[in-house]
Protein chains: 4
Amino acid sequence: MLVVMQSHASEEQVRAVCQRIESLGLKAHPIPGTIRTAIGITGNKGAVDLGVLESLPGVVECIPVSKPYKLVSRDAKEEDSILRIPTPLGDVIVGGDKVALVAGPCAVESEEQAFAIAERVAKSGVRLFRGGAYKPRTSPYSFQGLGEPGLKILAKVRQKFGFGIVTEAIDNESLDLVEEYADVIQIGARNMQNFSLLKRAGRAKKYNVMLCERGVRTFADHSRNTLDLTIVPAVKKRSHLPILVDPSHGTGKRHKVLPLSRAAIAVGADGLLVEVHHEPDKALSDGMQSILPEEFAELTEEVRQIAAVLHRQVN
Amino acid sequence: MLVVMQSHASEEQVRAVCQRIESLGLKAHPIPGTIRTAIGITGNKGAVDLGVLESLPGVVECIPVSKPYKLVSRDAKEEDSILRIPTPLGDVIVGGDKVALVAGPCAVESEEQAFAIAERVAKSGVRLFRGGAYKPRTSPYSFQGLGEPGLKILAKVRQKFGFGIVTEAIDNESLDLVEEYADVIQIGARNMQNFSLLKRAGRAKKYNVMLCERGVRTFADHSRNTLDLTIVPAVKKRSHLPILVDPSHGTGKRHKVLPLSRAAIAVGADGLLVEVHHEPDKALSDGMQSILPEEFAELTEEVRQIAAVLHRQVN
Amino acid sequence: MLVVMQSHASEEQVRAVCQRIESLGLKAHPIPGTIRTAIGITGNKGAVDLGVLESLPGVVECIPVSKPYKLVSRDAKEEDSILRIPTPLGDVIVGGDKVALVAGPCAVESEEQAFAIAERVAKSGVRLFRGGAYKPRTSPYSFQGLGEPGLKILAKVRQKFGFGIVTEAIDNESLDLVEEYADVIQIGARNMQNFSLLKRAGRAKKYNVMLCERGVRTFADHSRNTLDLTIVPAVKKRSHLPILVDPSHGTGKRHKVLPLSRAAIAVGADGLLVEVHHEPDKALSDGMQSILPEEFAELTEEVRQIAAVLHRQVN
Amino acid sequence: MLVVMQSHASEEQVRAVCQRIESLGLKAHPIPGTIRTAIGITGNKGAVDLGVLESLPGVVECIPVSKPYKLVSRDAKEEDSILRIPTPLGDVIVGGDKVALVAGPCAVESEEQAFAIAERVAKSGVRLFRGGAYKPRTSPYSFQGLGEPGLKILAKVRQKFGFGIVTEAIDNESLDLVEEYADVIQIGARNMQNFSLLKRAGRAKKYNVMLCERGVRTFADHSRNTLDLTIVPAVKKRSHLPILVDPSHGTGKRHKVLPLSRAAIAVGADGLLVEVHHEPDKALSDGMQSILPEEFAELTEEVRQIAAVLHRQVN
């Protein structure tokens with residue numbers, strides 16, 4: 001934390017701020033400049049909320065220096081984390097020189113639908129299958145997912161096609177079940193600040209973390225979200241965690257999925273999460289952004305070629 | 001929903017889109033213009049996701065017309081909803097010509113703290129007390145609230161000072177308890193898309209809804225959030241629900257709470273939710289934005305005068 | 001500027017950064033913390049772009065401390081600037097305990113229109129008249145303003161009704177003319193980064209600066225812009241300049257102009273800039289956000305009462 | 001334009017809105033739905049501002065349907081525009097199966113600097129050189145560019161190395177000169193709403209338009225701007241114009257330029273605009289985001305390989 005003093009601040013005011021800092025068990029480092037004094041603070045282990053210093057006389061503002069994330073930062077672990085996701089057909093590797101593909105429908109709608117899509121994407125060589133059994137929908141009138149019966153369908157997909165299963169949990173109850181049936185627990189964008197759910201996820205057995213970029217909010221009206229590919233090199237600089245990209249939710253438009261998938265691999269993402277549906281115009285959710293199995297086959301091929309330019313292999 | 005066709009779209013393409021609309025059980029209304037044709041759709045009761053029409057040949061885009069909120073809209077109920085919150089000292093009215101004030105600390109820290117603040121704000125004539133027992137914090141290292149013991153302290157505040165109690169629930173478990181102890185269940189900004197929690201809240205006994213503006217995200221760096229007071233007349237136009245304003249979270253800065261409280265009442269809000277702490281620099285959370293009890297007394301006085309300009313009374 | 005080092009940064013890397021800072025003629029102040037070292041920099045007079053330090057080995061990021069505005073800050077001048085705008089009917093004062101109102105149409109459309117509106121708003125006691133002769137429009141097909149003939153109409157309004165004139169310049173050519181005809185030169189939101197125009201404005205004879213809040217961009221879809229009233233106390237803390245509020249452009253909706261005008265004065269703004277049109281549905285621009293003269297009379301009355309709560313007078 | 005009526009709107013109100021539309025010389029198409037009536041409007045050639053209909057009784061809102069851009073849309077011209085930029089070494093083609101690279105420093109600082117960089121980037125086979133003679137800077141204390149002497153240096157670079165020259169104009173005066181010296185006139189992001197400059201640019205002799213994505217504003221704090229690559233397929237769908245990507249300004253960070261350049265070509269951009277400096281830490285502007293000539297050589301090589309996956313050639 002850096003406390004910036006007013007240019008008019010008296011020596012006494014600077015001294016008072018320093019005393020207050022020391023009284024909190026921290027160390028104050030005044031830096032007198034030509035225009036004003038700033039005061040560096042060290043020794044804070046996160047327990048003290050220093051924002052309150054801002055209301056002391058002579059203080060202009062408090063600038064935080066340390067980042068609030070500790071365990072996931074490169075400070076905590078310098079080398080890349082490389083994850084192994086067990087599947088009936090052998091481990092899928094995420095990170096390092098391996099790129100992982102996850103494909104499947106937005107929501108599991110029925111056994112027929114899940115099997116039809118699974119069969120088709122398996123042909124592209126993909127070994128991770130996605131599909132939601134619990135859907136956090138903005139409208140209570142929209143399809144909410146099949147719940148546990150959906151998870152059972154995913155378990156059958158796992159058994160029949162050898163896929164590892166990636167599916168979302170939306171509260172403590174569903175997380176208990178997802179932990180039992182799936183290989184990767186997905187936490188959706190809308191639950192990024194559902195701290196109660198995040199605490200429960202942190203107690204899960206399968207607790208290796210992958211990040212996923214799926215779009216940020218901007219003023220752009222040409223896509224549902226704005227897929228921020230610049231986050232990939234930014235995360236790689238700050239964190240050792242692998243990062244996937246979801247071009248389906250990240251753009252919300254079918255015609256953007258292929259070009260943005262190519263771009264995601266070109267920018268250095270460790271994998272893709274792609275919505276595929278054999279009958280997208282009958283999909284109960286997200287039909288607009290789902291691609292056809294044959295489009296996915298083309299995607300896989302182009303992505304392989306681009307990964308090769310970066311000396312990486314799709315697995 | 002309005003489907004906008006390309007200016008080059010053939011008659012056949014327009015016809016195909018209309019047929020598709022009719023095949024979904026809806027009615028298509030083609031509107032041929034000088035440049036292009038648009039197709040209005042009626043009869044949709046929310047069950048069909050029409051975005052998928054966007055991928056039909058000749059379609060430029062689909063523009064939604066109906067709003068996804070039904071029950072809270074002026075369409076469903078034309079006149080203002082006026083709520084009564086029961087307290088030991090009689091009902092507090094929210095809406096109509098009455099303005100309600102809610103005050104108290106960000107978090108309940110101890111019985112001593114809660115009583116000290118309650119005693120002071122009671123002197124300003126306020127009858128609704130706020131204070132969090134469950135705190136959804138960004139960092140797992142921050143103070144998380146006292147939990148049920150905090151609710152018990154609030155129950156004592158209720159009994160001793162006659163306040164109605166307003167406090168937050170953050171998951172299904174805490175909502176069960178909050179429903180038991182409090183008079184108003186607060187759902188925080190971070191849980192606005194926690195649909196699992198919202199469904200549980202919808203089943204609560206005390207289910208009268210008040211809205212609360214507590215800041216939107218902007219590029220402004222001078223405040224934690226940007227309090228959007230323009231939402232007050234906007235909500236009044238669209239919805240019959242009362243709307244409060246929280247100038248404490250909405251600005252995040254102590255010196256802005258008084259001016260924005262005046263402005264909130266001037267713009268027509270039905271009440272205020274204000275963080276007050278007798279020792280803000282020792283507060284375990286949100287000390288930066290809490291005002292002192294004597295500042296709150298001044299706030300109450302100025303707010304009364306401004307309400308009077310709008311022919312309303314604070315209660 | 002504060003340079004934040006990686007927690008792994010070697011002593012050598014810290015030393016190298018310090019040497020580089022000193023080689024630029026500045027002073028380095030290393031602050032060794034428990035986790036990492038930060039390096040404060042003093043002595044920078046704005047000539048050196050320090051961002052480049054971010055690419056030195058071991059550096060995480062560079063955090064700017066000084067603000068880029070100097071002359072307008074409270075550092076340069078502690079007490080409020082109070083401006084006097086000369087009008088044929090005597091000076092209008094902006095700032096201190098005086099609140100100024102500026103009213104008139106978005107654009108000057110004809111002498112008849114300008115006179116009709118001027119006559120009506122004069123009745124509310126307003127002494128500053130606004131109206132655009134040059135209109136920066138998004139579409140080249142929209143009405144672009146009357147140009148110099150519009151300025152001549154404004155000059156007649158000045159003479160006949162005694163108003164001070166506030167009007168916009170959009171390039172160097174129009175600024176020459178506006179400077180000749182008007183009492184206040186307006187620089188529009190779209191030209192805030194037109195540095196060529198700003199340099200020319202800085203050379204104008206009438207160079208006293210007033211700020212004007214007229215909305216920021218947010219995700220809100222209920223208004224054209226989001227009027228950010230929190231900026232008023234924020235500006236008052238940082239700068240000695242007076243600040244007006246434009247509730248017409250700031251909201252873009254007629255039904256919001258009155259409530260937001262009240263709120264602007266309640267929050268402490270030094271004045272209002274309001275679009276008034278006697279026939280808003282025939283206006284060549286901004287009809288949607290213009291209020292009627294009789295609505296403006298009501299606005300003036302309510303604003304006077306609220307100003308009185310803050311011990312200020314409208315002039 | 002689509003006018004949405006309230007669900008309670010009376011038939012009379014619907015009729016009144018239709019009459020008003022017809023009185024403006026347009027055609028009204030009422031679409032009665034189960035919940036409400038909407039009214040489509042056709043025949044508007046852009047002359048009438050219909051927003052004012054929003055204030056008629058019974059109207060909820062007005063939704064625009066037509067886009068305000070006409071000439072650049074696919075409606076006006078279906079096939080891709082392919083541009084030819086003449087250079088002493090032959091035309092550079094932008095669009096179709098050709099990808100164009102533009103490289104050079106942010107600002108022309110001296111003949112030595114410009115020549116040193118030009119010589120190095122020429123080795124990568126690039127034929128378009130960028131460099132600013134006029135710099136629109138946020139701070140008046142920052143380097144403002146060399147002005148016409150800078151243009152003369154660029155003319156020498158043109159002559160000596162055979163480059164086509166791309167450089168920015170910031171006002172009418174500089175545009176006159178840029179038009180004389182350069183092959184491509186650049187309009188910067190800060191002047192996108194400087195309509196006076198855009199009108200002058202529209203009268204330039206070299207008036208073929210290329211778009212350039214250089215980042216949008218988001219809440220991301222890891223980069224100066226957020227490069228929005230999803231705009232590339234979005235523009236390709238709506239417009240026939242070619243679109244370049246500027247990964248230097250678009251990210252503001254040197255370590256992101258290479259990955260985002262690869263991604264830009266992978267997503268389908270028609271070219272890149274890259275800042276290269278042989279001594280970036282001595283650059284008078286934008287040193288933080290400039291890459292070294294040897295990094296640019298690597299970029300060129302990887303970009304060629306990725307373009308080949310899309311069956312395109314760099315030229």
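So that the names make sense, note that chain A is the first sequence line, chain B the second, and so on, each numbered from 1.
- For B/V267 against C/A263, the heavy-atom pair with the smallest separation is CB-CB, 3.9 Å.
- Scored by the salt bridge (charged side-chain N to carboxylate O under 4.0 Å, His left out) test, C/E295 finds no partners at all (sequence neighbours excluded).
- Put simply, the side chain of C/L260 reaches to within 4.5 Å of the side chain of B/T230, judged on heavy atoms.
- Using a 4.5 Å heavy-atom cut-off against chain C, the contacting residues of residues 301-315 of chain B are B/E302, B/Q305, B/I306, B/V309, B/L310.
- Annotation: maximal heavy-atom pairing with chain C below 4.5 Å, among B/I265, B/I231, B/T251, occurs at B/I231.
- The shortest side-chain heavy-atom distance between C/K256 and B/L229 does not fall under the 4.5 Å cut-off.
- Residues satisfying the salt bridge (charged side-chain N to carboxylate O under 4.0 Å, His left out) criterion with C/K98, sequence neighbours excluded, are absent altogether.
- Proximity to chain C among residues 232-239 of chain B is limited to B/P233, B/A234, B/K237, B/R238, judged by heavy-atom separations below 4.5 angstrom.
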